[in-house]
Amino acid sequence: MQQVESMQSMIRIVGLSATLPTYLEVAQFLRVNPETGLFFFDSSYRPVPLAQQYIGISERDYTKKTELFNTLCYEKVVESIKQGHQALVFVHTRKDTGKTARTLIDLAAKAGELELFSSADHPQFPLIKKDVSRAKSREVVEFFESGFGIHNAGMIRSDRSLMERLFGDGLLKVLVCTATLAWGVNLPAHTVVIKGTQLYDPKAGGWRDLGMLDVMQIFGRAGRPQFDKSGEGIIITTHDKLAYYLRLLTSQLPIESQFLGSLKDNLNAEVALGTVTNVREACAWLGYTYLFIRMKTNPLVYGITWEEVLGDPSMGAKQRTFIIDAARALDKAKMMRYDEKSGNFYCTELGRIASHFYLQYSSVETYNEMLRRHMSESEVITMVAHSSEFENIVVREEEQDELEALARKACPLEIKGGPTDKHGKISILIQVYTSRAPIDSSSLHSDAQYISQSLARIMRALFEICLRRGWSEMSSLLLEYCKAVDRKIWPHLHPLRQFDKDLSPQILWKLEERNVDLDRLYEMEENEIGALIRFSHQGKLVKQYVGYFPYVNLSAIVSPITRTVLKVDLHITPDFVWKDRYHGMSERWWIIVEAGICSVTINFIFQDSENDTIYHSELFTLTKKMARGTPTKISFNIPIFEPHPPQYYIRAISDSWLHAESLFTVSFHNLTLPQTQITHTELLDLKPLPLSALGNKTYEDLYRFSHFNPIQTQAFHVLYHTDNNVLLGAPTGSGKTISAELAMLHLFNTQPDMKVVYIAPLKAIVRERMNDWRKRLVTQLGKKMVEMTGDFTPDLMALLSADIIISTPEKWDGISRSWHSRSYVMKVGLMILDEIHLLGADRGPILEVIVSRMRYISSQTDRSIRFVGLSTALANARDLADWLGVTDDGLFNFKPSVRPVPLEVHIQGYPGKFYCPRMNSMNKPAYAAICSHSPNKPVLIFVSSRRQTRLTALDIIQLAASDEKPRQFLSMDDNSLDMVLSQVSDSNLRHTLQFGIGLHHAGLNDRDRSLVEELFSNNRIQVLVCTSTLAWGVNLPAHLVIIKGTEYYDGKTKRYIDYDITDILQMMGRAGRPQFDQHGKAVILVHEPKKSFYKKFLYEPFPVESNLREHLHDHINAEIVSGTISNKEEAIIYLTWTYLYRRLVVNPAYYGLEDTETNTLNSYLSRLVETTFEDLEDSGCIRVDDRSVKYLILGKIAAQYYLSYLTVSMFGSNIGPNTSLEAFVHILSAAAEFDELPVRHNEDNLNRTLSGNVLYPVDQHHLDDPHVKANLLFQAHFSRAELPISDYATDLKSVLDQSIRIIQAMIDVCANSGWLSSALSCMHLLQMIIQGLWFERDSSLWMLPSMNDDILGHLRGRGVSTVSALLDFSHEELHRLLQPFSASELYQDLQHFPRVDVKLQLQNEQDRSKSPTLNIRVQLKNSRRSTSRAFAPRFPKAKQEAWWLVLGNATSSELYGLKRISFADRVVNTRMELPQMFNVQETKLILVSDSYLGFDQEYSLEHLTKR
C-alpha cells in the first residue's frame, strides 16, 4: 500500500476472510472504500446452516475426564454415521490422532457397532485396500479396516494425500486429524467434532486454549455445500471453558495484531531494502500496518495506558518508541547502524544478509554470541541447532531410542547435549539429513523435514557473514557445509559420490576403501581404474565421470601498481566435459587469494593465513559458452604488505560441487616494486594576474573574467613567454583549457605560419572545443579551424590552410602515419594533449604512438614541436614529463585538493551482491543527498547506462511525489514547458522534463541532447541524470555531483567492471561552478566492499602505465609501411621513443621484467620486436628477411584504412575470386573492429528474435557474440527491419560508421588479387550499407523517400524499375507517367541523384611496344545539382559521392584496373592502362557508384576498336 501511494502504480488488493468482528478495522487497514468495496456477511448467510453444540465436562479426575471425552466424542460420531454422514474429529497433537482413532474403534467394537464404519461393501474396496497396504504408516493400514483414518503433519505427504482421497471418496467414515487440516485442505464433512480445546504451546512452555479463529475455521468444514442441507459443529471442552467459548461465539473477540513480535525483523527488511532510512520514515511505514489501527482502537493490549492515549491521541510518540526500541535492538545486534542524534538508519552487511536469507533477529543474536573466527565442525552444527527457526522442535520421550540409534549410525560429528536435549536432537537430525539415513518415527521424520527446509539458507547466511567479516578459515568451512547440506553428502566422502545416481554404491565404496583421490584418478587409465576397484568393465565409466567433474585451471600475472597495491590478471580455463544434466547452464565459483593455506569457492577471495583475513572476494559465473576451453580473464587489485610474504595462493572453489577447487601459487621471489615518487607542485601564494598581462587587447577580449586563477597565474610565464614543453596536472575545473590557450596565443605571436594540433580523447570533447573556439578564436582572431573525428574528415585544402586542427587520437594517428608526404604534419608547431593521463586507458596506446611519432618527426626536421600535456593530478608526473621532454620549469603537478572551488566529498557504501537491486537501493539516498546538499542548485547524477538514466529519473520523480513536491526541480511556467516538450522526440525525456529532471546519453538524438544541455545550463531544470561520457564531453558544471555506482557492464567480458579512478575524478570535477559556488559537493555511492578502496585512492591516484605492449602490432605495421622501420634495430630504436620504454625502467615487474639491467632491457625489447614481427608475418602483412623487413599489400591496406592486422589477415584467408554477397556480409561482420560492440544483458534473446527476421542465417550458438550481433544489425539495416530497442539504433550507427573503411579495404584486397566478381560484390555491399537496401532483392526505387508500394507497382507496370531510368524523364513526362499519383514530391527526390555520362577512347592499340591505354572522360550532367554529398537518408552520417572505374574481363572475371574518382569539378578526365594482350570483345569498363544502387554503367571496348 505504501508502494501504491509512493509510486502511484495501482495494485488492487482483495481480502478474503471468515466472518470478522473487526471487519471495519481490517477494511481500513486494506484501504477499502467502506461504501463500495466492503462486503460483510455474518453466519446467517452460510450456504449450509450450521447447528452448534457446546458440551462442557465438569469431571476433575484426569482418567475419568479423558474417558468421558472419548465416550462423548464416540456418541456424537456414531449418531452422525447412523444418519449416513461422515465425521471429522479434531484433536490437538499428532500422537492423539492415533490414540483417539484407536479408542473410538475400541468403543465401537465394545458396542458391536463396528459394521457401521466399515466400507467393505464399496465396489473399489479391494483395490483401495492394496493401495493402503503400501502406506508407510502402520496406523493407516490398521485403522482402514475399521473405516477410520488419521491425518497430521507428522505423516509423510503420500500418506496424507491417501487419507484425503479416501475420505473424499467416502471410503473412510471418520477422519481423526489435527487443526492443520482445517486450514490446509478443503475437506468438508457433515459433522465436525472438536475433542478438547487445550493445546501445547512450545513458545510459552505450557498449555493454551484453542483460539476462536481456529474454532471458526474448523466449524467451517462442517456441512458439504453440494450434498448437505445442514452441518453440525460440536465442541467438547471442560466445563470451566464452556462460558468462554459461548462468549466468543456470541460477542466474538476482536482480531489483534501480532506485528510487534516481528517488528525488528520487518524493520530490518525495510532498512535493507532502502524503503526506510530514518525514524520518521519508519513511523510512516508503521502507520500502514494493522497494528497502528488496533493501537488506536484497543491501546491497552499493546501496553499503552489511557494517560498516554490522552496525551498523544495520534499515537505518534508510541510509534516512535516502538521504532526506536527496535532500532536500538537491531543496532546492538549489528544488523543496522542507528544514529541516535540524527535518527538515521544505515544498513549493515549483517542486516542485509539476515533480510536476504530470512533470518530472525533472535537467530542473529545467537550467531553474534556463538560465531567465532575458529570453530570445529561439531560446534558449527551446534550453533545452527540453536537457531530460533528451530525453537518449535520439542523432545518426545518415545523418540529417544531411535534418536540414540541414529546418533550412533548416522552422525559422524560430536553431539553436544545428546538426544535428550532439544539442541542435541536438532544436531542429530541435521546430521541424519546430511547422511540420508532412514527415519522410522513419523514425528521424527516430520521434524527432520521441517529442519531441512531452513537448513540450507541458514548455512548460506552463515557463510556470507563469515565472508563479509573476512574470516578465511570459517568461510571455507561453511561453504563446504553449504554444499554438503545441498547435496546431502559429507565433505569427507569421495567427490564422485556427487554422481551417486549414476555410479553404483559398490564402486564408490571401493574408491573410498582404496583412498583414491581425484588427482590420482585423473592420471590413471581406464584399465588401471578397473583393476583398482576390481570392476574391470567399470573403469571406463569411472573415467567418464571424472571428466564430468568440474575443474578449472588457473594462471595469473601479477603486476605491481604501487608499493602497496598489486594488479592481478587471473586467467580461468575450464578443464572438464560440460554436461547439462549435471552443470545446467552455468557453474559459479569463488576466487580466493591468500598468503597461506587456501580455502575454496569460485568467488575471488584474497586471504592472509596468518591474520586469517580475506582481502578480496568475487563470485565468478562460468557459463556453458565460456566452458569451451577458452580462458576467461578477470582483473582485480589486492594489497601487499612489507615485509613481503613469500607467495600468495589464488584458489578457485566451486559454489556447488564439493572438492571442486583449484590452486595457483604466485611467487614474490625477485619481485621488484616501483619506488614511491609522487611529486606535487606547491600552489604559490601569488597575486592573480590580470588579463592585461597578455599585452594584447584582442587577446584580452577573448575572456569574460578579469584575472587568471592561481593555477593559470603560476604557469603563465612558461606558457605565454617561452617555447618550453609543459605538463600541467590539475583537478577538473581548474581552467587547464585556458592555460593551453596561452600556449596557442604564444605560437600565434611567434610563429603564425605554424599549426596547433589539439588532441582530445573523445569526440564529445572535440565538439565542445570546436563550439567554444569557433565563437572566440575563429570569430575574434580570424583563425581557421578544422575538426577531424569519425564524423568529419576535412579535405586537403582545409588542412593546409588551417591554423588549428582539433582531432581524436585515431584520426591524427591515421594522418600522421604518412608524415613524409604530408606537409601540414611537418608544419605543426604546438601539440596540445588533453587528458593525457588516459595514456593508461584503453585508447592510451594510440595517444602514446602519436606523441612518440611527433617527437620523432620533431627530431628529424629543423623545426621543433612544442608539447603541452593537460592532465588530472598524476602519481608519476616526472616520468610523463621526461617522455614529453618537459624540464622542471615546465612541470606543474598540483594536488587533487587544489581547486578554484573547494570540493566536499562524501563516500557512501551500499551492500548487495547483485548490480540492479543495488542501483535501485541507491535511488532514495541520491534523492536525500539532493534534498540535503543541493535543494535549489543544479545537480548532476552520473549512472552507468542509458537504462539507468531512465530508472533513476523515474524513481526520483516518485520520491519527490511522495514528499508532495513532484515539480520541485522545475523552474518553468506551463507555457514554456509545453513549448519545450513539443520539441522533444524521446518519450522518456518528455516525461521526466515535466518534473524538472533531464536525461543525457548517447541514445538521444543531437537535438534532444542540445535542448537538455541548454535547459540545465540555464537552470530551467535542476537535475540532470546522465551517463559517464558527459563528464568528459560537455562542460556542464553543477553544485552537486552524485556518482550512482562505480561499475559499468562490459559487454566483452559479460561482467560489471569498475570505472578507472580518472573517470571518477572527472565526474567529481563537474562539482562546483567557479562563477557561482563557494564550494562544490560530490556524493559517491559505491558497493560497500569498495568503499575503503575509494577512500584511499581517490586522492592518491595510481601511476599511469603504458598499454602499448598489448597493441603494438598495428603500430609497428604502420611504421613499417611509412618507412620509419625497415629492420629490427630501427624497431627497437622506435620503441625507445615510447612511454613504454620509460616505464620499463621505473616499474619493470609490471611488464614482466625482473630487473632494469641493460642486457635485460635489450633482450626484452628484442623479444618484443621479434614476436611482433612473427605475428605480422604470419598474418601476411610483412615479409621479414635476415636484415630487413618489408610490408606486403595486406600490411599496406591495414595501415591505409586504419584496420587491425587481424582483420586484413582474415580477409586474406576468406576472400576468394568468386566470394558471394552473403559471404562478404559474414566477413565484414567478423572484422576485429567490431570486437568491442556491446552485447548487453539478455541481448542474446533479442538477437535470437532478430535472427528470425533476416535473410542470411547466423550462428545460433553464439548469439551473445559481438560479431553475430553486428551481422544481424547489418541485415536489419538492409531489410529496414524495426530494431528491438533504442540501444540497437546507436549500435547500428556505430557499425555502419566503421564499415565504410572496412569494405574499402576489402575492395582493395580483391583488386590487388585481380578478382573482378568479388570486387563488384564488395562494391554492391557498400551501396547496400549507404542506402539500407538489399542489392537486386530490393528495387533501387526504394532509395526515394517518397516511394511506396502503390507507386512502385505502378512504375513497374510501365516498365520503369530503376532510379537512373526515372532521371531521363522531364517534370511533365514524369507527371504523365505517374498519373493518378502526384509527381512533385518524387521529382524533388530525383534532383538529389547524379546523372553521369562516360566517354571512352582507346590509345596505342596498334603499337605493340606500348601498353594500350583507355582514356576516360566522366561528366556530371545535372546542371542544377550543386552538392557532391551523397543522398542517403538511411545512412547516419554525411558522405561524399565517389565512383569506381572498374576495368576487367567479364568472361574470365579478371580485374585489370581499378580507379576511384570523385567530382571536384563537373568533369573528370583520367586514363587506365590495359594489359599488352587483352580480349577486346570480353573487356569491359564498369562505372560503379559507391553510394547508389542500380547506377552501375557497363561499357564494352569492342566498339572502340571498330571505329
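- The aromatic rings of Phe499 and Trp657 are tilted relative to each other, their planes meeting at an angle between 30° and 60°.
- Taking every heavy atom of both residues into account, Ala461 and Ile353 meet most closely at O-CG2, 3.6 Å.
- With rounding to the nearest 0.5 angstrom, the OG atom of Ser635 is 3.5 Å from the CG atom of Asp569.
- At distances below 3.5 Å, at least one donor-acceptor pair connects side-chain atoms of Gln498 with backbone N or O atoms of Leu658.
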Give the C-alpha distance, both sets of side-chain angles, the deciding distance and a yes or no for side-chain contact (heavy atoms from CB on, under 4.5 Å) between Ile489 and Thr434. CA-CA 6 Å; Ile489 295 171; Thr434 310; over 6 Å; no
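- With a 6.0 Å radius and a threshold of 12 heavy atoms from other residues, nucleotides or ligands, Asn515 has its CG atom at or below the threshold.
- To the nearest 0.5 Å, atoms CD1 (Ile1057) and CD1 (Ile634) are separated by 11.5 Å.
- With 3.5 Å as the limit, one finds no donor-acceptor pair spanning the side chains of Glu1154 and Thr1160.
- Between Tyr481 and Phe463, the closest side-chain pair of non-hydrogen atoms is not below 4.5 Å.
- A donor-acceptor pair under 3.5 Å links the side-chain atoms of Trp578 to the main chain of Gly584, judged by distance alone.
- Between the side chains of His1267 and Asp1235, a donor-acceptor pair is found at a separation under 3.5 Å.
- Residues Ser586 and Lys624 fail the side-chain proximity criterion, which asks for heavy atoms closer than 4.5 Å.
- Defined by atom type and a distance below 3.5 Å, a donor-acceptor pair is missing between the side-chain atoms of Tyr433 and Gln431.
- Of the possible polar contacts, one joining the Ser662 side chain to the Val552 backbone as a donor-acceptor pair under 3.5 Å is found.
- Side-chain contact check for Ser1251 and Gln1260: at least one donor-acceptor pair (N or O, by modelled atom type) lies under 3.5 Å.
- Between the side chain of Thr1207 and the backbone N or O of Ala1232 there is at least one donor-acceptor pair closer than 3.5 Å.
- Of all the heavy atoms in Val1268 and His1262, the pair that sits closest is CG2-O, 3.3 Å.
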Test log, rule side-chain contact (heavy atoms from CB on, under 4.5 Å), inputs Glu377 and Leu477: CA-CA 8 Å; Glu377 294 166 315; Leu477 176 65; 3.7 Å; yes
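- Summarising the local packing, NZ of Lys416 is surrounded by more than 12 heavy atoms from other residues, nucleotides or ligands at distances under 6.0 Å.
- Under a cut-off of 6.0 angstrom, the local environment of CZ in Arg514 is crowded, with over 12 non-hydrogen atoms contributed by other residues, nucleotides or ligands.
- Of all non-hydrogen atoms in Leu162 and Asp131, the two that sit nearest each other are CD2-O, 4.4 Å.
- Here Phe390 and His423 keep their ring centres 6.0 angstrom or further from each other.
- Between His492 and Trp490, the ring planes are parallel. Angles under 30° get that label, and only those over 60° would be called perpendicular.
- Looking at Ile572 and Pro631, their side chains never come closer than 4.5 Å, going by heavy atoms from C-beta outward.
- A salt bridge is defined here as a Lys NZ or Arg NE, NH1 or NH2 lying under 4.0 Å from an Asp or Glu carboxylate O, and Glu473 with Arg373 fails to meet this definition.
- Note that OG of Ser378 and CE of Met383 are 11.5 Å apart. Values are rounded to the nearest 0.5 Å.
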Using side chain to side chain donor-acceptor pair (under 3.5 Å), reason through Glu661 and Ser654 one step at a time and then give a plain yes or no. CA-CA 6 Å; Glu661 50 187 274; Ser654 172; over 6 Å; no
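- The closest donor-acceptor contact from the side chain of Ser1209 to the backbone of Leu1206 lies at 3.5 Å or more, if one exists at all.
- Ring centroid separation for the pair Tyr915 and Tyr1056 comes in under the 6.0 Å cut-off.
- By the neighbour-count criterion of 12 heavy atoms within 6.0 Å, atom CZ of Arg157 is densely surrounded, having more than that number from other residues, nucleotides or ligands.
- Between Lys543 and Glu525 no salt bridge is recorded (no basic side-chain N to carboxylate O distance below 4.0 Å).
- Between Arg581 and Asp502 there is a side-chain heavy-atom pair separated by less than 4.5 Å.
- Here the side chain of Glu1177 pairs a donor or acceptor atom with the backbone of Val1184 at under 3.5 angstrom.
- At a threshold of 4.5 Å between non-hydrogen side-chain atoms, the residues Asp1259 and Asp1265 do not count as touching.
- Ion pair Arg460/Glu464 not flagged as a salt bridge, since none of the NZ, NE, NH1 or NH2 atoms sits closer than 4.0 Å to an Asp/Glu carboxylate oxygen.
- How far CG of Leu1112 is from CZ of Phe1173: 9.5 Å, rounded to the nearest 0.5 Å.
- The aromatic rings of Tyr582 and Tyr545 stand perpendicular to each other, their planes meeting at an angle above 60°, with 30° marking the opposite boundary.
- Salt bridge annotation for Lys488-Asp500: absent, with no cationic side-chain nitrogen under 4.0 angstrom from a carboxylate oxygen.
- Asp1244 is not listed as a side-chain neighbour of Val1239, based on a closest heavy-atom distance of 4.5 Å or more.
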Test side-chain contact (heavy atoms from CB on, under 4.5 Å) applied to Leu663 and Leu554, step by step: CA-CA 7 Å; Leu663 178 72; Leu554 302 179; over 6 Å; no
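- Annotation: Tyr1205 is in aromatic contact with His1113 [ring centroid separation under 6.0 Å].
- No side-chain heavy atom of Val568 sits under 4.5 Å from any side-chain heavy atom of Tyr648.
- Between the side chain of Glu379 and the backbone N or O of Ser376 there is at least one donor-acceptor pair closer than 3.5 Å.
- Put simply, the side chain of Ser454 never gets that close to the backbone of Ile451: no donor and acceptor are under 3.5 Å apart.
- A salt bridge links Lys425 with Asp447; the closest basic N to acidic carboxylate O contact falls under 4.0 Å.
- Between the His494 side chain and the Asp517 main chain, no donor and acceptor come within less than 3.5 Å of each other.
- Separation of atoms CG (Leu478) and SG (Cys466) is listed at 5.0 Å; rounding is to 0.5 Å.
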Report the C-alpha separation of Met474 and Arg372 in whole Å, then their side-chain angles, then the decisive distance to 0.1 Å, and conclude whether the side-chain contact (heavy atoms from CB on, under 4.5 Å) test is met. CA-CA 8 Å; Met474 280 304 295; Arg372 302 189 308 278; over 6 Å; no
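- A donor-acceptor pair under 3.5 Å links the side-chain atoms of Asp159 to the main chain of Lys136, judged by distance alone.
- Separation of atoms CH2 (Trp509) and CG (Leu493) is listed at 14.0 Å; rounding is to 0.5 Å.
- Put simply, the side chain of Lys510 does not reach to within 4.5 Å of the side chain of Ile507, judged on heavy atoms.
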